[in-house]
Engineer: 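Have a look at this one.
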Amino acid sequence: MKKIMLVFGTRPEAIKMCPLVDEIRKRPGLTPVVCVTGQHRQMLDQVLDIFHIVPDHDLSIMKQGQTLFDITTGILEKIRAVLEQEKPDIVLVHGDTSTTFVTALACFYLQIPVGHVEAGLRTYDIYSPFPEEFNREAVSIISAYNFAPTELSRQNLVREGKKPETIWVTGNTVIDAMKHTVSDSFQHPELDWVGKDKLIFITAHRRENQGEPMHRMFRAIRRVLEERDDCKAIYPIHMNPVVRKAAEEELAGCDKIHIIEPVDVVECHNFEARCHLCLTDSGGIQEECPSYGKPVLVMRDTTERPEGIDAGTLRLVGTDEQTIYLTFKELMEDENAYRAMSQACNPYGDGFACRRIADILETGTCDPWIPKK
Ligand code: UD1
Ligand code: UDP
């Protein structure tokens, strides 16, 4: 019996790891142990509640306005005792947050093998996204098992010298999660407010966008919303006080946008599935919207998810106010431009990533995901 410890701390990691906890629980050869760092509190607990997961360990490290130093030292100090007590055979981490990097570092210090879920995403610019690109590159130096969501991410790892026999193309576990969230019968008071207008879905939180870039993003969005009478925006705002202040300064008093508290993942996926288009700097939403054929304007200078750009569903617009304004406006006015971006596709997975990862952990092998051409 192999003891598999899954460590995660933020909302997106939880959304992508909880389905894997469920799958590992079903396997006779595997015992899951869940440790959350609590890097996020409310936004993490919202996901744990939806998936009915009660962690075995909770490091509860979140502080308001935490710095990267706070998160790093907070986790490093507390996780050692948990790892020494549980003595897991393998520790699974996800993606590129500080929780991910620091947990992998702690495992390295204790010489515990690390499995990296969502391995191999790259921009090759350690300041964009910051600090995520560094985090994921550093985890790849440590990891013994690399679960790459796509062929492109596998190739990145091979190019960097990871041994091919340690890499498996599994698809992204978020596509597994989406099989259970979207439903035709979903209703919500915010959707009633939007009515027959086009729903514009907005999120923003990236550290490198905080400050002037985020102000420019919000100003551009407001200009388009106020010029048109055929759309309304829903913006579930991140709990970061820096983000909230910028949104208050730029968007207060605009009656075309509802800024609401973070929604749960079921609500979020159903909003995405019903929206006309999405403006975001999120990583996960770049993976989700293509499945529903919803165009995404990615308000960042780089993306580690070029598959959606190649498929035509994502467009990288950066954070220049006029570029965002013009692109958003064009997509609202030009049906051909809109249609060209709204073809449903699934470049990130087939919904069986968790099964593959559990197969590898249990038996050492799996049927890889081979996307349809
Ligand atoms: C973190 C990750 C980022 C990921 C994002 C997902 C790092 C460095 N960053 O960024 O990769 O894309 O999560 O959302 O790992 N807060 C709350 N309650 C919550 C969550 C956050 O109050 O449930 C507030 C706190 O004031 C906290 C702040 O938001 O200090 C920022 O949280 P933090 O985890 O430091 O950064 P994120 O921007 O959320
Ligand atoms: N999400 C959510 N509620 C919200 C906003 C986002 O459940 O109010 C989900 C979204 O569907 C996606 C994930 O959170 O699965 C993305 O998280 P975020 O943008 O915070 O982080 P990133 O993906 O950029 O790391």
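Counting begins at 1 with the first residue of the sequence. Because only heavy atoms are used, hydrogens play no part in the values below, and waters and symmetry mates are left out as well, while side chains stay in. Order of appearance sets the numbers: ligands from 1, and atoms from 1 within every ligand. Remember, it's a predicted structure, so these values are computed and weren't measured experimentally.
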Engineer: Quick one: which of R11, M43, H269 has a heavy atom closest to atom 5 (C) of ligand 2?
Structural biologist: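 It is R11 that holds the nearest heavy atom.
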Engineer: Between E267 and ligand 2, which part of the residue brings a heavy atom under 4.0 Å of the ligand: side chain, backbone, both or neither?
Structural biologist: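 Answer for E267: neither.
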Engineer: With distance as the sole test, does D45 use its side chain to make a donor-acceptor pair with the main-chain N or O of Q42 at under 3.5 Å?
Structural biologist: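 Not a single qualifying donor-acceptor pair exists.
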Engineer: Of the listed options (E132, E288, E272), which comes nearest to atom 15 (O) of ligand 2 when hydrogens are ignored and any heavy atom counts?
Structural biologist: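 Comparing heavy atoms across E132, E288, E272, the nearest one to atom 15 (O) of ligand 2 lies in E288.
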Engineer: Which heavy atom of I112 sits nearest to which heavy atom of L83, and what is that distance?
Structural biologist: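 Answer, listing the atom of I112 first, then L83: CD1-CB, 4.0 Å.
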Engineer: Show which atoms of ligand 2 fall inside a sub-4.0 Å distance from at least one heavy-atom site of D264.
Structural biologist: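 Per the distance check, 7 (O).
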Engineer: When you measure from the centre of the six-membered ring of F8, is the NZ or CZ of K16 under 6.0 Å away and within 45° of the axis?
Structural biologist: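 No, a cation-pi geometry is absent between K16 and F8.
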Engineer: Out of curiosity, does L251 fall in the hydrophobic cluster containing V242 (side-chain heavy atoms, cut-off under 4.5 Å, transitive links)?
Structural biologist: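 Different clusters.
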Engineer: Return the protein residues near ligand 1 (heavy atom under 4.0 Å from any of its atoms), ordered by chain and residue number.
Structural biologist: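 For ligand 1, the contacting residues are T10, P12, Q39, H40, R41, Q42, M43, M62, K63, Q64, G65, Q66, L68, I71, T97, S98, P131, E132, H205, R206, R207, H238, M239, N240, P241.
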Engineer: Hey, which atoms in ligand 2 end up nearer than 4.0 Å to a heavy atom of V265?
Structural biologist: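 The atoms of ligand 2 under 4.0 Å from a heavy atom of V265 are 7 (O).
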Engineer: Taking 4.0 Å as the limit for heavy-atom contacts, which would you say applies to V47 with ligand 2: side chain only, backbone only, both, or neither?
Structural biologist: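 Near ligand 2, V47 shows nothing, with every heavy atom at 4.0 Å or more.
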Engineer: Looking only at non-hydrogen atoms, which of A14, G283, S282 approaches atom 16 (C) of ligand 2 most closely?
Structural biologist: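 Nearest heavy atom to atom 16 (C) of ligand 2 lies in S282.
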Engineer: What is the minimum heavy-atom distance between A148 and L157, and which atoms define it?
Structural biologist: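 So the minimum-distance heavy-atom pair works out to CB-CD1, 4.5 Å.
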Engineer: Suppose the criterion is ring pair (Phe, Tyr, Trp, His ring centres under 6.0 Å): which pairs have a residue in residues 37-56, not counting sequence neighbours?
Structural biologist: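 Sorted result for residues 37-56: H40-H238.
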Engineer: Nearest protein heavy-atom contact for atom 25 (O) of ligand 2: which residue, which atom, what distance?
Structural biologist: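 Of the protein heavy atoms, P12 CG, 3.4 Å lies nearest.
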Engineer: Please find the pair of heavy atoms, one from T319 and one from M299, that lie closest to each other, and give the distance.
Structural biologist: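 Result for this residue pair: CG2-O, 3.6 Å.
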Engineer: Between T173 and D176, is any side-chain donor less than 3.5 angstrom from a side-chain acceptor?
Structural biologist: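 No, no side-chain donor-acceptor contact under 3.5 Å.
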Engineer: Quick one: which ligand 2 atoms are inside 4.0 Å of a heavy atom on P236?
Structural biologist: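 Under 4.0 Å from P236, ligand 2 has these atoms: 8 (O).
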Engineer: Side chain of N270, backbone of V266: donor and acceptor closer than 3.5 Å?
Structural biologist: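 Yes, N270 side chain to V266 backbone: donor-acceptor pair under 3.5 Å.
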Engineer: Assess, by modelled atom type and distance only, whether the side chains of D320 and T323 contain a donor and an acceptor separated by less than 3.5 Å.
Structural biologist: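 Per modelled atom types, D320 and T323 side chains form a pair under 3.5 Å.
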Engineer: Counting non-hydrogen protein atoms only, what is the nearest one to atom 1 (N) of ligand 2? Give residue, atom name and distance.
Structural biologist: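 Answer, as residue, atom name and distance: C268 SG, 3.4 Å.
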Engineer: For F130, is the NZ or CZ atom of R207 found under 6.0 angstrom from the centre of its six-membered ring and inside 45 degrees of the ring axis?
Structural biologist: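 Cation-pi check for R207 and F130: fails.
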Engineer: Around atom 9 (C) of ligand 2, find the nearest protein heavy atom and jot down its residue, atom name and distance.
Structural biologist: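 That would be I15 CD1, 3.5 Å.
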Engineer: Between R206 and ligand 2, does any nitrogen or oxygen pair lie at a separation below 3.5 Å?
Structural biologist: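 So ligand 2 has an N or O lying under 3.5 Å from an N or O of R206.
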Engineer: Could you tell me whether V263 approaches ligand 2 through its side chain, its backbone, both or neither, with non-hydrogen atoms closer than 4.0 Å?
Structural biologist: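 Near ligand 2, V263 shows its backbone as well as its side chain.
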Engineer: Quick check: does any side chain N or O of T103 sit under 3.5 Å from a backbone N or O of T100, one acting as donor and the other as acceptor?
Structural biologist: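 No, because the side chain of T103 does not come within donor-acceptor range (under 3.5 Å) of the backbone of T100.
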Engineer: Atom 23 (O) of ligand 2: which protein heavy atom is closest, and how many Å away?
Structural biologist: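 Looking at atom 23 (O) of ligand 2, the protein heavy atom closest to it is G284 N, 2.7 Å.
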Engineer: Do I324 and I234 sit in one hydrophobic cluster, given that two such residues count as connected whenever their side-chain heavy atoms are within less than 4.5 Å of each other, even indirectly?
Structural biologist: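 No: no chain of side-chain contacts under 4.5 Å links I324 to I234.
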